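One structure is given below, encoded as structure tokens.
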Amino acid sequence: MPHDTPLISTIVGGLVLAFILGALANRLRMPPLVGYLVAGVLVGPHTPGYVADQSLAPELAEIGVILLMFGVGLHFSVKDLLSVRGIAVPGAIVQIGFATLLGWGLGALMGWPARGSLVFGLALSVASTVVLLKALQERRLVETERGRIAVGWLIVEDLAMVLALVLIPAAASIGGGEHATVEPVSAAVNRLFGLDLGIGGVIVMTLIKVGLFMGLMLVFGRRIIPWMMYRIAQTGSRELFRLGVLAIALGVAFGASELFGVSLALGAFFAGMVLSESELSHRAAQESLPLRDAFAVLFFVSVGMLFYPNILIEKPLPVLATVFIIVIGKSIAAFLIVLLFHKPVSTALTISASLGQIGEFSFILATLGVSLHLLPEEGRDLILAGAIISIILNPLLFYVCDRLRPVLDRTKREEPTAEPVAEKAPEPVEEQAEEDDVQPTALRGHAILVGYGRVGSIVGQNLKSSRTPFLVIEDSDKRIGELRDQGTEAISGNAVSREVLSLANIAGARSLVVAIPNAFEACLVVEQARTINPSILIVARAHSDAEVEALREYGADTVIMGEREIAMGMVDRLAQVHHDSVRYEDEDEAATIAAEEASSPDKR
């Protein structure tokens, strides 16, 4: 009996093609996001072959948006924003305004209505979180001052777009014709009292509802949600904890939309932000990551399905103008803004390159604008074309900025030579040195600790107490900051990279501890380390016999399997009570555990 399974075929077709093209994009040293968008184009209605279900894809994309915004909220850091607020807040606001003005002007030239042009400009003004963070991490810039400014700038952009997602539907409800959404409170006032609140009244009512929702979340949500997660964590069920995280993300988003008229995206963002204050936030982020990634991929695929590729041929000049605004206009504006704040050229170039692309929020705004009949479908196609092209060009933009930096630095240093006071000339050089990439460690004969989670932190504390020189390689920005605050040398990045291992002076190290739980990644780290330093002692962790065998094959000297060590510890304690010695055996080895001291039944 044949079955019609459009949901399954849409998910399978989208994920399989996204995987293939994402892997290809990664192989070509491009962000996988490009592959996901192209996968959507291939399963969309504008290309031959298989066409995914056009009614199911938007709903899957909506779940992707909810989980994507929940993840943004989980990683939202008020501390990071406040540390660079002096430049990130005014700089981002001015840059958003400038890019929006350019986009609005292009829309006006094409004959679009003012509100559609405004949505178009806003979509071009915000950079992709995924692309920006990946670019900074690859260049080890996240923990530098320019990296922190770029991240803070991005946070301000995200907050501005969250506000736009609230106000755009409210503005669309005024004079938007038959397709406009209706703000329910304003409609009720008009029906009962015959009063037309106008656009100002609608926006005020919308902001009041948003404020009420935010107040409830900040007063009650920040207490109830962490308490719920703590109680769920006490059950010891990983499955229930994961389900609880997803239930909070989706439940708060849906409830906010139904009860307060707030967008699903804003509800999910606040759910993540409230949960981020909990001690369990890191675990919540880890447990929800696989599903967030999967639905985020489906979101990008569904966005690609909406793209009309013929626009590259039919409207080449508008496409070029859109790309120019994103890559050139935004970048030049950001470069000049940073220089006006008397920051080094290296910082200005990093910020300008980081912002020379668009992504997630741009797609959300474009989809919202089209659904509200504010933005023509041509505008959405231009945004998608500009996103794909700008993301592809972003690595090239970073390369150009890296080439320009020495030239601009030299020019800037030569300018003060005509001034009478020559003693101040070296100051920009010192400031530049502070801004440079992370420098290699000066340690030799040291230990390198990869990963500073539950296992790595215990190892690190013992290394510190024994006064063993060591450093940590970690990819969590929060942990990196905590380590540096404690005076522990830490390198931000992935230890799989030879460059990161070189910064840690793997060639001069005496030992390497691979404390990360991912066995596949650990094997790659061990292989790289053994290739660079054949004589180094490598200790790794594993969760199964297969992982133990794999790590040994890749070059680990000692592999500790947690379950075996727990069992041996239990047997050791039992031996102290019941026997003078006991023979402990497992599948791999036999060990004789002797009691350290004689014990009697009445001795505790």
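In this text, all values refer to a predicted model and were calculated from it rather than measured experimentally. Computed from heavy atoms alone, side chains included, the values below leave out hydrogens, waters and symmetry copies.
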Problem - Step-by-step side chain to side chain donor-acceptor pair (under 3.5 Å) determination, Tyr308 to Glu378 - result: CA-CA 9 Å; Tyr308 179 59; Glu378 180 186 9; over 6 Å; no
Problem - side-chain contact (heavy atoms from CB on, under 4.5 Å) between Phe98 and Ser125, intermediate numbers included - result: CA-CA 8 Å; Phe98 180 74; Ser125 68; over 6 Å; no
Practice task
Determine, step by step, whether Phe70 and Val245 satisfy the side-chain contact (heavy atoms from CB on, under 4.5 Å) criterion, reporting the C-alpha distance in whole Å, the side-chain angles of both residues, the deciding distance to 0.1 Å, and the verdict.
Solution key: CA-CA 10 Å; Phe70 179 69; Val245 173; 3.7 Å; yes
Exercise for the section: Evaluate side-chain contact (heavy atoms from CB on, under 4.5 Å) for Val500 paired with Ile491, printing each intermediate quantity in order. Expected result: CA-CA 8 Å; Val500 172; Ile491 294 176; 4.1 Å; yes
Problem - Thr347 and Leu339: CA distance, side-chain angles, deciding distance, side-chain contact (heavy atoms from CB on, under 4.5 Å) verdict - result: CA-CA 9 Å; Thr347 301; Leu339 288 184; over 6 Å; no
Problem - ring-ring contact (aromatic ring centres under 6.0 Å, His included) assessment of Trp112 paired with Phe120 - result: CA-CA 10 Å; Trp112 299 344; Phe120 181 71; 5.1 Å; yes
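The side-chain heavy atoms of Lys315 and Asp381, taken from C-beta on, include no pair separated by under 4.5 Å. With contacts defined as side-chain heavy-atom distances shorter than 4.5 Å, the pair Val252/Met217 qualifies. Using a 4.5 Å heavy-atom cutoff, the side chains of Gln357 and Leu393 are not in contact. Proximity of Ile332 to Ser352: side-chain heavy atoms (C-beta onward) are nowhere separated by under 4.5 Å. Side-chain contact between Thr322 and Ile383 is absent, with no heavy atoms from C-beta onward closer than 4.5 Å. The shortest side-chain heavy-atom distance between Glu474 and Ser492 does not fall under the 4.5 Å cut-off. Between Val327 and Leu397 there is a side-chain heavy-atom pair separated by less than 4.5 Å. Within the 4.5 Å cutoff, side-chain heavy atoms of Val41 are placed close to those of Thr47.
Looking at every heavy atom in both residues, Ile149 comes nearest to Ala88 through O-CB, 4.3 Å. Heavy atoms only, all atoms of each residue included: Ala253 and Ile66 are closest at CB-CG2, 3.9 Å. Contact detail for Gly35 and Ala25: the closest heavy-atom pair is N-CB, 4.0 Å. Here the shortest heavy-atom pairing between Ile326 and Leu124 reads CD1-CD2, 3.8 Å. Taking every heavy atom of both residues into account, Ser362 and Ala123 meet most closely at OG-O, 2.6 Å. Of all non-hydrogen atoms in Ala160 and Ile96, the two that sit nearest each other are CB-CD1, 3.8 Å.
Interatomic distance, CG of Leu365 versus CG of Leu122, reported as 6.5 Å (0.5 Å rounding). Rounding to the nearest 0.5 Å places OG of Ser390 at 11.5 Å from CG of Leu355. Rounding to the nearest 0.5 angstrom, the gap separating the CD1 atom in Ile93 from the CH2 atom in Trp153 is 10.5 Å. In this structure, the separation between CD1 on Ile388 and CG on Leu33 is 8.5 Å, given to the nearest 0.5 Å. Distance check, rounded to the nearest 0.5 Å: CZ of Phe300 to CG of Leu37 gives 7.0 Å. Here CZ of Phe324 is found 14.5 Å from CD1 of Ile389. Values are rounded to the nearest 0.5 Å.
A donor-acceptor pair under 3.5 Å is formed between the side chain of Tyr50 and the backbone N or O of Ser9. At least one donor-acceptor pair closer than 3.5 Å links the side chain of Ser354 to the backbone N or O of Thr350. Under the 3.5 Å distance criterion, the side-chain polar atoms of Ser371 are matched with a main-chain donor or acceptor of Thr367. At least one donor-acceptor pair closer than 3.5 Å links the side chain of Asn394 to the backbone N or O of Ala353. The main-chain N or O of Ala127 is found under 3.5 Å from a side-chain atom of Glu157 such that the two form a donor-acceptor pair.
In this view, Phe213 and Phe260, Phe270 satisfy the ring-ring contact (aromatic ring centres under 6.0 Å, His included) rule, not counting sequence neighbours.
The neighbour count for Phe254 CZ, taken as heavy atoms of other residues, nucleotides or ligands under 6.0 Å away, does not exceed 12. Open room surrounds CD1 on Ile8; 12 or fewer heavy atoms of other groups in view lie less than 6.0 Å from it. Environment of CD in Glu377: sparse, with no more than 12 heavy atoms of neighbouring residues, nucleotides or ligands closer than 6.0 Å.
Within the structure, side-chain hydrogen bond (donor to acceptor under 3.5 Å, both in side chains) pairs that include any residue of residues 325-337 do not occur (at least two apart or interchain).
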